[in-house]
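Shown next, in structure tokens, is the structure this report addresses.
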Amino acid sequence: MNAHKDMAMPFEASSDRRGRQKLDRETVNTLVVFGLSIVLIVCSRFISPALGSWSQVLTVLILASFLIILSFGQGLVILIGGLDLSIPALITLGGVLTTTWIGTGDAGVWYMLPAILVVCAMVGAVSGIGIVWLKVPPFIMTMATSIVVASVALGYTSGTPRGGSPSSLLWLMKSWFLGVPVVIYFTLAFILFGWLLQNFTALGRRLRALGTNRNAALIAGVGVNRLELVPYAISAACAGFVGMMLVGYSNGATLRMGDSYMLPSIAAVVIGGSSILGGSGTFIGTVGGAILLTTLGTVISAIGLSEGWRTIIEGAIIVGALLVLRGEFLTHVGNRMLTRGK
Amino acid sequence: MSTDETRLAVRIAKIAKSYGPTVALDSVSIDLRPGEVHALLGENGAGKSTLVKILSGVVKPDSGSMSILGSPYRPHGIVDARTQGVATAFQELSLLPNLSIAENLMLPKMPRGMLGLASHRTAMASAGRILMDYGLAHFDPDTPVGVLSLSDRQRLEIVRAFTHAAKLLILDEPTAALADVEWLFELVRRQKSLQTAILYISHRLGEVRTLCSRATILRNGRSIGTVELSGASDANIFEMMVGRSAREIINTPPSAGGVAPVALGVKGLSGGILNDVSFNVRQGEIVGIAALEGQGQRDLFRTLIGLTKTNGGTVEIDGVRAQIASPGAALRFGNGLAYLPEDRKSEGILAGLTTASNMVLPIISRVARGGIVWPAGERRAAHETAAVVDLQQRYLHFKIDELSGGNQQKALLARVIMTGARTLLLFDPTRGVDVGTKQSIYEAIRKFAADGGSVLFYSSELPELVHLAHRCIVLYGGRIFAEYQGDAIDEQTIVGALIGHARGAKTEVAA
Amino acid sequence: MSAVTANPARRRSPFWRAVISDTGIVALIYVLLYALYAFWQPDALSLYTFTDLVNNSTPLALAAAGETLVVISRGFDLSVAGVVSLTNVLMAVYPLDGPGGALASLLMCCAIGAFVGMINGILVARLGLQTIAATLGTMIICQGLALVILDAPGGMVADFVTYTLTDTLFGVVPIAGLFLVAAVVLWLAFRRTNTGIGLYAIGADEQSARFSGVAVSGVRITAFVGAGILYGVAGFMLSAQTATGNPTAGTPFLMLTFAAVALGGTPLGGGRGSLVGSILGAGTLMLLQKVLFSGGVSSFYTGIFQGVVLVLAIVFGNTVARLLKKDEAR
């Protein structure tokens, strides 16, 4: 035992203790999630020989890239203890604006794409304003934004979005480089960026402080009110960007293009080990969650399960992940594996 | 050891309780005789509240045994404890503000009327009887509790406990917010004559001596011993509570130069219950605030830092009029104003983040290199100040919630020092920490002032004010009641002023 | 002494308190709105229009009533959308005709709601999940089940249910309204039970409620089960309305129930409010929709209306709660 001999006897009954080399919950969870993804890919060969091949893995990764980018935004919102239910509407908004404002060809794409992202971010900021200043609970405010945006998109397109994909987005989604789709390089860069932003920047640190304890963060001098808008704006911009990617992927926009991403975006974050109460989580874990979910989705499709069953499985995964991650279940398991006995 | 166990009202033997790795109670044994008022003494964090929860049936002990009048007492819930004649007036008050006085008194079971539904009329009548019985006949049982003043709510909490306590009554800091202490003393004496054992928890030794015959002292989750109060001096008791002699922490404060420029000037400040308060804190000066619970000290600090709205008055920092809207703005204003909050758990630490991250949070953008905050960089930044508050380097990469309360407090003090602010507002900076940590905290505060910084602090412990403050301001009812300087600061004088008697010091207001 | 003993609270007159209370304001709004509607559409005062309005409002009113139970206990229940969809689909896929069939269907809807509520309650009260997270999970699972049972809109609800429940009793009383009356009567009785008082207690302060002896998890589970049953009945009534099944029938309820609850004067922070207010709130929302869209605004824009009303309702609820609080605390 490493009794802290040099330490003055603490007054409080609780002493400073740190279980030897405690693996924290986030690390254990990330390892488990990535491990499960790999196992699932390998096992999927037994279901169908087409699954588990290299090209199949690449397809899964392309599909996962949408979810990875979305769940970065959702993850930041959950990090501060909120919930973003407006993601599908903003995917649609990003997609519809891309096809109608830019359309096929590439005219003005260099300023139009950023402009569309700014529009989306502003919509997200509006949700944030409602949450911070009007004190509307996050899930209700984002739900309200969502329905307003969806109606605007519906009205704006009169029900059927026109136009096709700018060629630069087609290039991003369809071209290959050194035997790997370009979008995968892009996603890797995004993962690096997101991981650094969430865990190693002043902004990320402040967001985590805000999610851990708003009051304490405020007293420590963090400008919590304005800060709270940021994740909603980022999440909306991410959703808008995924809308663009989907335009490139399927060469067009539809009004329901975002619908199937709402639950997975939450599920990926929760499975990735973030606490739904806020204040903890890493983006790497979320990435693992996104890959696991996408793999699972592919396997479900291969088996031929209907949309309903797929939804049920997603719901069960969310509840299961919440239950498993409640308390320090994984930490206990992890530590027990490291240190046997007392 | 009692020879005849049945003559004991309550026997608590070797109770222990841990929360995960944290040992809240190690081994506590107390015997209470019927009709005895028994004091439970101990510093914050000694385990008093855990013991109260165990006796009340809220928490189950890990080991040990309890018995009442010789038969085993193992409550499985607060209602079960009540039916066995044990009831508690909780320190944090367990009343529901949205329910009426009558409903609060009757919870969890309302008297039934027609169709088995709760009968409003019967509830009112029986609540009225109870209130009458305990001298609160002027309360209307139909009033929602949220309307009552804190003092009245405390009385209601006490009355509710009395109505259920046939064998053991636990009063946890019952006078913390009570305006009329005699009312309680009268009730306690009456209950005593009914052979109810009463466990009385208070940090006011005078009160304890008036009411109680014996006292048990808790320290570090252990019962250190039970003493006859008539045969124990305050110093004896204090020594048992803190584990060493009280004299050790006595230091004479350096006298302050009275001509240094004013760092913090407050004029006519009002906000919350704070009413027209004016004072100055000069550079290099340590000013202490003394007050009983709820006299406006909280509002004073929170107003200065922008957490409570100001209702009038001005604040000047280094001679510049300041309108502070938030703690962040306070840090950035002029030479800065940094606040160490009262409750380390809910307002101080960020659990889950490392100690170093906690310390550098206010200056995180300065710590970043190329936009990136490296953990090693954080530790490097925290390194120097950690030494100032005597916090060991190796704790810097621990998660802060893995540290003891004392070390957490050191880290939080380091945080406010690290911000570079030249004026510190410290709210009860040594609450619930051990003597060694107290010394380190005092040292750090003195060093800060000696380097020209200014400190305004509130303390719930008088010796601390006496030993640390150059000047001491007594708040009473939201106003400045008295002000003492240098040698005029002594415990007896302040005690008088605290309760609104300017005994011995005829409102000696220093400049 | 004067510092701690606050001045005797200045309380407003009983009349003013009744007006500003939980249900007073929303009742006032409803009446004013109805007057406005009658001004524009003279036939608004006809029995037919009124019955129609009650029929339209009943499903939402029942769902909002259920949500209120959970909100008072300081929680959010998203499973409303799932339960309404699931019961609606079941009604359409397995129609049971005749009075006996209707009764069996109603019981089935209640049982499904109660079961989902029980799961929510256990997840929250016993397993310690956050209410939003737990009910989000059950909502998703219920929606999945609804899709499994019926993967696209279709099916037929039993004729007896469709005709009888949208009819009037003795030609004057809308039958759907009787369900609302029953809900209100049960609520008024429940309010006067130990569990009912406990519901307000845990909503205000769970710790204090526990220390006062309230069986916190029991009360919480009861709230969720009661809410689930009301969602089940809401699904039943919705099926009577639409006469067909739709696996996403419940989705609009998610947003509208919260709007109705907030509009009805129940603050989303818990510990306060009334089921009656929420029912009136739901009625107001449906009436507002009718008033605004009687002019024939493009249905594209109903979403904008709903989103804005949702936010306004909550801001309004917050403001009323603040006013009430100011009135009570000193």
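Convention: sequence-line order gives letters A, B, ...; per-chain numbering from 1.
Within the 4.5 angstrom heavy-atom criterion, no atom of B:Arg479 approaches chain C. Contact annotation for B:Leu117: both backbone and side-chain heavy atoms come within less than 4.5 Å of a heavy atom of chain C.
A donor-acceptor distance shorter than 3.5 angstrom exists from the side chain of B:Asn104 to the backbone of B:Leu96, with no hydrogens or angles considered. Between the B:Trp183 side chain and the B:Tyr134 main chain, a donor and an acceptor come within less than 3.5 Å of each other.
Ionic pairing of B:Arg153 and B:Glu157 is not present here: no N-O contact between side-chain nitrogen and carboxylate oxygen is shorter than 4.0 angstrom.
With rounding to the nearest 0.5 Å, the separation of CD in B:Gln295 from CD in B:Gln297 is 6.5 Å.
Heavy-atom pairs under 4.5 Å with chain B peak, among C:Gly203, C:Ala209, C:Gly196, C:Ala189, at C:Ala189.
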